[in-house]
Structure formats: C-alpha cells, structure tokens
S.K.: 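One structure follows; several queries about it will come next.
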Amino acid sequence: MIEQVKGTRNLYGLDAQKYLYIYDIFLSSFNSYGYDLIELPTIEHKELFNKSIGENSEIVTKQMYEFKDKGNRDLVLRPEATASVVRFHNEFFKNESKKYSYFGKMFRYENPQKNRYREFIQAGAEIVGTIDKYSDLQILKTSIRFLSLLKVNSKLNINTIGTKEEREGYIRELDKYFFKNKNELSKESVEKIGKNTLRILDSNDPFDNQITDLAPVIYDFLSNETLDQYETFKKELMNEGIDFAENPKLVRGLDYYNDLTFEFIANGTVVGGGGRYDGLSEILGLGKISGVGVAFGVDRLINTVNSTPHKIKVMLIAQNLSDLNFVSTKLDKAGISYLLPVRDSKENTQYKEAIKNNVDYVINCSENTIKNINNNESMKFNISNLRKLI
RNA sequence: GUGAUCGUAGCUCAGUUUGGUUAGAGCGCCUGGUUGUGGUCCAGGAGGUCGCGGGUUCAAAUCCCGUCGGUCACCCCA
C-alpha cells in the first residue's frame, strides 16, 4: 500500500465543507474589503526566507523543504507568505501602498501533531507601503470581523517589541540575565541564549517561567516615542471596543517584526498572528518599505469552526435512464441542484441511496412524483411544486 | 531532531501476552427475494500482500531488528 506523505492532510467530507466555508468568509472579509487576493508561487528562492525569517530561526535551519531544480537554482517550498508578498510588491508597486490577501499551502518540515502539519494552509492579509498605526488597527479590525463571522471565539493578545535597536539593547540585557540564571533553565532554553534569546520568554516549561517572570521587561528598554505610540494604539483599541490582553512575553518566531506583535488564541491554540514589519523590505535589499500583516492557520480554524455542510435536498430516481435524463434536464434549466444514483440500479436500491444521502425529497422520474421522505407525502412532480418545497 | 503509542476486510475492532488447522465479528457493500406506511426482514455472495522489509523457527498477524504511516507530546510554530 502506498501511504500518504507524512504530515499531509486529506480534507474530505465535513472538513472539506469547512475549508470552503472558511475560504468563502475569508474572501468576503478581506478580498471584498480591498485586500486584493494574490495567488503566490509555492516555490521561491531559498534566499528569500534565509534573509527574511532569519538565519538562526528554526524554520530556516531545519524546517524548509529545499531542493535544487534542473537549472541548479536553490529553491524551497515556501514556509510562509509575507516575504513573497513583499517581494511582489517591490517588483511591481514599489512606490505605492497596497493591501493584499492570500490563501494557500505552506510547508514546514517538522513532526506532525494536533493542529500542526507539514503541508498546511495559511490565510493572510498584508498592508504594504507607506503605512501608519491606522493600518495596524485596520488589520486587527478586519481580522476580528473575519473571526467573528466564522463564529470563532478568540482572544487577542498584543505586545510591542520596539525598534530593532531598542530590541537589541533588550536582548543584550536578557542574555546577561539568562546567562546568570542558566543553571535554573531547561537545556533547550540554555541553548537559545545568545542565539534566539527572545524565544526563551515563551517557553512552556514551568521552571523556565519562574525565571522568565522575573526577567527584564521589554518596556524598560523602549524609547518614550515607541511607548507613546503603543499606548496610543492601545487607547484606539479600547475606543473601538476591541477586547485584548497585553502580553509582554509575546515575541513571535520570525525575525522581521518590530513594534506591534499580536496573536489570536482560540481553544488554547494560536489560530492567527502577525505584526508590523518595517524592516523586512530592507533586509531583503529592496529599499525601505513598511508593512503590517496577519496570518491565520486555516487547518487550525478547520479544527475549530462548526459549519453545517451544504445539503442537497433532492434526489432523482427512475427505472430507466431516459426518464432520469428528462427530469434532470428540467432541473438543470431551473437551476435546482440534485443527486443522481451512482448507477442504474433497481428502484429500491436507489431509494435506499436517497435515504443514506439524507435528502428531503425523492423525485421518482418514472412515476412523475415528488415524495417527502420525512413524512412519506407524495405529490405530482413539476418545477413549481418543487420550488415551493425547497 | 526527541519521546510515547498505534497499524489485522471499505469502517470499528477481536485474535498478539503464552508462535501451531483454510485469520474472525459487527456494520457497510453486491445479488436475489420480501416490503409501496419503500429505511424492515430473509437467503446467498464478494472482499484481507495481517503497513512494508529483513531475521529467528519445522512453523510468525503473534517473537526480534529496521523502515513507512497515523495519533499525541517536546522542540518549534500558524
């Protein structure tokens, strides 16, 4: 037997219905509000992510699907899409400010578990160009609308990680502090000192947390300007009636963020996150262009949302194919959807198939009747009778 | 990258501890009949490289090793 590739997913049945439901609501939340949908390539130059996500991040060092193509190019299956959006924007709209949305497969080579797959779907939105705090607010407001249309109960966590320079000063102090306390830290956290220091802060280890709780707080290393902007932003959120929690230890995994970072948490898992990335374009050598964005884990949303699958209410049955075709053509013209038996089986088998498929009405094309399967009432078949029923 | 656990029919599983006839059950599926208050009932039938590959043995679904895949957790992250 040929098994499926590790960490991949077959979305079928209710999961497939949820996928469509989420995709629909995503389009109407973002694309319909000026975040133009962009279908980006799945393969990119490795360099794009080495530079943007950060050479030291685990995504780059361990988790990318890398290969050389026949032209000897170093390519990867994209592990995320923000860098691609910025690449696109710089190539075609360098001097403009634009909003984008995307919905597609991403790839990270890591061991699968609940809500974590090697091939996974992200839905995201970005505002790129000359932007300000209002852009940040827009992204959050639109995200919240999206999640509430999906009826996902989520909690918004926010933080600011300041400018690159401010953060570097903070990291230096943090390194000193963690080095001093390294005997109390888990070995995973000790390995991150000096390399990925910020991520020690969101360790789940309870002993680590005793140390991180007393660690220097980022706010003490930020300039008044940064802090003022952050306070103003928080006031705006409150004015908008947006419920949020502040989490000074929320740092995010990607190197390119600055100032605002945020996450949406539902049922204990992060279903979406994002932040401001004013440095990303420069890191890529593309000039100074700002951006803010959000990405949602569609697989995680699929595992969270409740949606009722599209129900097909009518099934046609008949003792011969010409009866079946005659009626199905009529329904096609009327724009009414229906099920057909999978093959030309005997009538009772078809009737059982209708019951199994959970339809409400069976049209017996040979008898010209509509039967309500729930109460067994029959009536003459014609389009206007059918329309009254469905 | 690390650890735990699982893999037998389309599905859910029994059988593995203690190796031993042609590997079973329920549901589903197919055929015929019955049933028009059509979902019932009756009879028959198809369907299994026991995840895969090695090894031990007279003999392996069962023991050993490896590998692939599922689930969950760590790491990491959406």
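Just so it is clear: chains get the letters A, B, ... in the order the sequence lines come, proteins before strands, and each one is counted from 1. Just so we're clear, the structure is a prediction, and the values are computed from it rather than from any experiment.
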S.K.: How is A:Tyr117 classified with respect to the nucleic acid when contacts are heavy atoms under 4.0 Å: base, sugar-phosphate, or nothing?
M.R.: base

S.K.: Which nucleotide in the set B:rG36, B:rG38, B:rC75 lies at the smallest distance from any side-chain heavy atom of A:Glu367?
M.R.: B:rG36

S.K.: Check this for me, if you would: do A:Arg87 and A:Glu44 make a salt bridge, where the nitrogen-to-carboxylate-oxygen distance has to be below 4.0 angstrom?
M.R.: yes

S.K.: Salt bridge between A:Arg276 and A:Asp278, side-chain N to carboxylate O under 4.0 Å?
M.R.: yes

S.K.: Collect all protein-nucleotide pairs involving nucleotides 32-34 of chain B in which both atoms are nitrogen or oxygen and the distance is under 3.5 Å.
M.R.:
none

S.K.: When rounded to the nearest Å, what value does the distance between C1' atoms of B:rG69 and B:rC63 take?
M.R.: 23 Å

S.K.: Sequence neighbours left out, what passes salt bridge (Lys or Arg N to Asp or Glu O under 4.0 Å) with A:Glu231? Give chain and number order.
M.R.: A:Lys234

S.K.: Return the 5'-most residue of the pair A:Gly7, A:Gln63 with respect to RNA chain B, ranking by each residue's nearest nucleotide.
M.R.: A:Gly7

S.K.: At 4.0 Å (heavy atoms only), tell me whether A:Val271 reaches a base, stays on the sugar-phosphate, or touches nothing.
M.R.: sugar-phosphate

S.K.: Do NZ/NE/NH1/NH2 and the carboxylate oxygens of A:Lys105 and A:Glu119 come within less than 4.0 Å?
M.R.: yes

S.K.: Can you tell me the Watson-Crick or wobble partner of B:rC52, both distances under 3.5 angstrom?
M.R.: B:rG66

S.K.: Across all strands, who's sitting opposite B:rA43 as a Watson-Crick or G-U wobble pair, both distances under 3.5 Å?
M.R.: B:rU31

S.K.: Is A:Val5 touching bases, backbone alone, or none of the nucleic acid, heavy atoms closer than 4.0 Å?
M.R.: sugar-phosphate

S.K.: Which base sits across from B:rG24 as a Watson-Crick or G-U pair, both distances under 3.5 Å?
M.R.: B:rC13

S.K.: Below the 4.0 Å mark, does B:rU71 have OP1 or OP2 next to a side-chain nitrogen or oxygen of A:Gln113?
M.R.: no

S.K.: Detail all sub-3.5 Å separations between protein N/O atoms and N/O atoms belonging to nucleotides 44-52 of chain B.
M.R.:
unit_1: B:rU49; atom_1: O4; unit_2: A:Met1; atom_2: N; d: 2.0

S.K.: Nearest to the side chain of A:Glu347, heavy atoms from C-beta on, is which of B:rC29, B:rG38, B:rA78?
M.R.: B:rG38

S.K.: Check this for me: does the side-chain of A:Arg343 come within 3.5 Å of the base of B:rC30 through a donor and an acceptor?
M.R.: no

S.K.: Under the rule for side-chain hydrogen bond (donor to acceptor under 3.5 Å, both in side chains), what residues qualify as partners of A:Asp220, not counting sequence neighbours?
M.R.: none

S.K.: Check whether A:Asn385 reaches the backbone of A:Phe381 with its side chain - one donor and one acceptor, N or O, closer than 3.5 Å.
M.R.: no

S.K.: Report the base-pairing partner of B:rA4 (Watson-Crick or G-U wobble, both distances below 3.5 angstrom), or none.
M.R.: B:rU71

S.K.: Do the side chains of A:Glu126 and A:Lys99 get close enough for a salt bridge, i.e. N-O under 4.0 angstrom?
M.R.: no

S.K.: Identify, with sequence neighbours excluded, every residue that meets salt bridge (Lys or Arg N to Asp or Glu O under 4.0 Å) alongside A:Asp323.
M.R.: none

S.K.: Take atom C1' in B:rA4 and the same atom in B:rC58, then report the distance between them in whole Å.
M.R.: 37 Å

S.K.: Quick check for you: among B:rG70, B:rA78, B:rG38, whose closest atom lies nearest to any side-chain atom of A:Tyr351?
M.R.: B:rG38

S.K.: Looking at every strand, decide which applies to A:Asn115 at a 4.0 Å heavy-atom threshold: base, sugar-phosphate, or nothing.
M.R.: base

S.K.: Roughly how many Å is it from CD1 in A:Ile53 to C1' in B:rA78, rounded to a whole number?
M.R.: 12 Å

S.K.: Rounded to the Å, how far apart are A:Asn358 CG and B:rG39 P?
M.R.: 17 Å

S.K.: Indicate, yes or no, whether a donor-acceptor pair under 3.5 Å links the base of B:rG1 to the side chain of A:Glu58.
M.R.: no

S.K.: When we call it a touch if two heavy atoms are under 4.0 Å apart, what does A:Phe296 touch: a base, just sugar-phosphate, or nothing?
M.R.: nothing

S.K.: May I ask you to say what A:Lys114 touches in the nucleic acid, namely base, sugar-phosphate or nothing, with a heavy-atom cut-off under 4.0 Å?
M.R.: sugar-phosphate

S.K.: On RNA chain B, check which nucleotide each of A:Thr349 and A:Asn111 is closest to and give me the residue with the more 5' one.
M.R.: A:Asn111

S.K.: Just to be sure I understand the rule, does A:Glu263 reach a base, reach only the sugar-phosphate, or reach nothing, if contact means heavy atoms closer than 4.0 Å?
M.R.: nothing

S.K.: Does the separation of the ring centres of A:Phe146 and A:Phe296 fall below 6.0 angstrom?
M.R.: yes

S.K.: Between A:Arg108 and A:Tyr65, is any pair of side-chain heavy atoms under 4.5 Å apart?
M.R.: no

S.K.: Both distances below 3.5 Å, Watson-Crick or wobble geometry, any strand: find the nucleotide opposite B:rU57.
M.R.: none

S.K.: Run the ring-ring contact (aromatic ring centres under 6.0 Å, His included) test against A:Tyr100 and tell me which residues pass, sequence neighbours left out.
M.R.: A:Phe88, A:His89

S.K.: Which is true for A:Ile121 with a 4.0 Å heavy-atom rule: it touches a base, it touches only sugar-phosphate, or it touches nothing?
M.R.: nothing

